[in-house]
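Have a look at the structure below before the remarks.
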There are 2 protein chains.
Amino acid sequence: MNKSEIKVISVLERVGGFASAQQLHQLLLRSGESIGLTSVYRALQSLVDDKIVDQLRKEDGEAIYRLCGEAHHHHLVCKSCGSTVEIEGSALEKWAKAMAEEHGYREVGHLAEVFGICPSC
Amino acid sequence: MNKSEIKVISVLERVGGFASAQQLHQLLLRSGESIGLTSVYRALQSLVDDKIVDQLRKEDGEAIYRLCGEAHHHHLVCKSCGSTVEIEGSALEKWAKAMAEEHGYREVGHLAEVFGICPSC
DNA sequence: AGCACAAATGAAAATGATTTTCATTTTCGT
DNA sequence: ACGAAAATGAAAATCATTTTCATTTGTGCT
Ligand SMILES: [Zn+2]
Ligand SMILES: [Zn+2]
Ligand SMILES: [Zn+2]
Ligand SMILES: [Zn+2]
């Protein structure tokens, strides 16, 4: 855990939700921190690899990040405002596992996102 | 509906699933069509606006497209050799629908892929 | 402290998908 | 056929992200 990662985590805590790399960089600069955009990207990538940060994509393809409290989970994402809800995934987990077993696959993982328009949009 | 849009629809029909703009362009060229990459992007954007084509994003942010109404299905993908199997998704469909309803989301869609190592790898 | 070596940093350049510009070609109505 | 409008695509621009690489910083050892 290097200095950049600590800075990025602290700004993510302050933000308390999703933000893009560029937004986080701006926030850090505005709050007086000295850090390069490259280091923000590097820190985020490393935190995502370590599953400390969740990464997903806006509709325009830009990546957004947020601190990830729990372990493995899935999201319900609003196509319009980007707000997200964590959802219960046991049915999905069972399905993924069953499908993999049925076809003899090992070392199984999965990716699943549900998207739609949220009630307030 | 101009020529480019017709070409793009026909190649999407042939593909029968998701493909990126660049992939579609390559497929069109290989099958002897003459069309510029710009026109492929323009046609896709217009078809998405008209809700004839679905657009979503891979994890790396690249946009992928498919015909709306294309039989919806999911894949089991080998992490090592890339081979894919179509899998049965009714359990997943139910889950996605239930989660969206539970949170009051409308116009719901979802994205799900299962990864693993196939028996022959 | 002094030295060597590894890790971290960030500015600048590269990358790659997508969009914009703009000059040319095609289509369409009269 | 004529002119306006739409379509086309090559080249340039855009923009988030990644890579490169020279410099700085941290760490362990003497
Ligand atoms: Zn919303
Ligand atoms: Zn899961
Ligand atoms: Zn395989
Ligand atoms: Zn499905």
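Only a predicted model underlies this, so the values are computations on that prediction, with no experimental measurement involved. Note that these values count all heavy atoms, side chains included, but never hydrogens, waters or copies made by symmetry. Here is how names work: the chains are called A, B, and so on, in the same order as the sequence lines, proteins then strands, and each is numbered from 1.
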Verdict with reasoning, M99(B) to E102(B), per side-chain contact (heavy atoms from CB on, under 4.5 Å): CA-CA 5 Å; M99(B) 288 301 118; E102(B) 187 175 307; 4.0 Å; yes
Write down the distance between CD1 (I35(A)) and C1' (dA11(C)), rounded to a whole number of angstrom. 14 Å
Name all residues meeting the ring-ring contact (aromatic ring centres under 6.0 Å, His included) criterion together with H73(B); count only those two or more places apart in sequence or in a different chain, and write none if there are none. H75(B)
Using a cut-off of 4.0 Å on non-hydrogen atoms, how would the nucleic acid contact of S46(B) be classed: base, sugar-phosphate, or nothing? nothing
Residues which pass ring-ring contact (aromatic ring centres under 6.0 Å, His included) with H110(B), listed by chain and number, not counting sequence neighbours: H72(B), H74(B)
Between D49(B) (CG) and dT19(C) (C1'), how many Å, whole number? 14 Å
Report the distance from atom CG of L29(A) to atom C1' of dT9(C), rounded to the nearest whole Å. 14 Å
Under the side-chain hydrogen bond (donor to acceptor under 3.5 Å, both in side chains) rule, collect the residues that match up with Q45(B), sequence neighbours excluded. D49(B)
OP1 or OP2 of dA6(D) under 4.0 Å from side-chain N/O of N2(B): no
Give every donor-acceptor pair under 3.5 Å between a side-chain atom in residues 6-15 of chain A and any protein atom, sequence neighbours left out.
residue, atom, partner, partner atom, Å
K7(A), NZ, S34(A), O, 2.9
S10(A), OG, K7(A), O, 3.0

Net bend of the helix from dA1(C)-dT30(D) to dT30(C)-dA1(D), end axes of five pairs each, nearest 10 degrees: 20°
What residues form a side-chain contact (heavy atoms from CB on, under 4.5 Å) with S39(B), not counting sequence neighbours? S4(B), I35(B), R42(B)
For Q22(A), check side-chain hydrogen bond (donor to acceptor under 3.5 Å, both in side chains) against everything at least two apart and list the hits. Y41(A)
Once side-chain contact (heavy atoms from CB on, under 4.5 Å) is applied, do any residues pair with E5(B), and if so which ones, sequence neighbours excluded? M1(B), N2(B), A43(B), S46(B), L47(B)
For L44(A) and dA8(C), give me the distance from atom CG to atom P, rounded to whole Å. 16 Å
Between dA17(C) (P) and L24(B) (CG): distance, integer Å: 13 Å
Using whole Å, what does the distance between atom P of nucleotide dA8(C) and atom CD of E33(A) come to? 18 Å
Strictly under 4.0 angstrom, non-hydrogen atoms only: write out the protein contact profile of nucleotides 11-28 of chain D, one letter per nucleotide from the 5' end, B, S or -. B----SBBB------S--
Do the side-chain N or O atoms of S39(B) get closer than 4.0 angstrom to the phosphate oxygens (OP1, OP2) of dT8(D)? no
Spacing of Q23(B) atom CD relative to dT18(C) atom C1', expressed in whole Å: 15 Å
Walk me through whether R57(B) and Q55(B) qualify under side-chain contact (heavy atoms from CB on, under 4.5 Å). CA-CA 7 Å; R57(B) 299 271 168 186; Q55(B) 171 182 31; 3.7 Å; yes
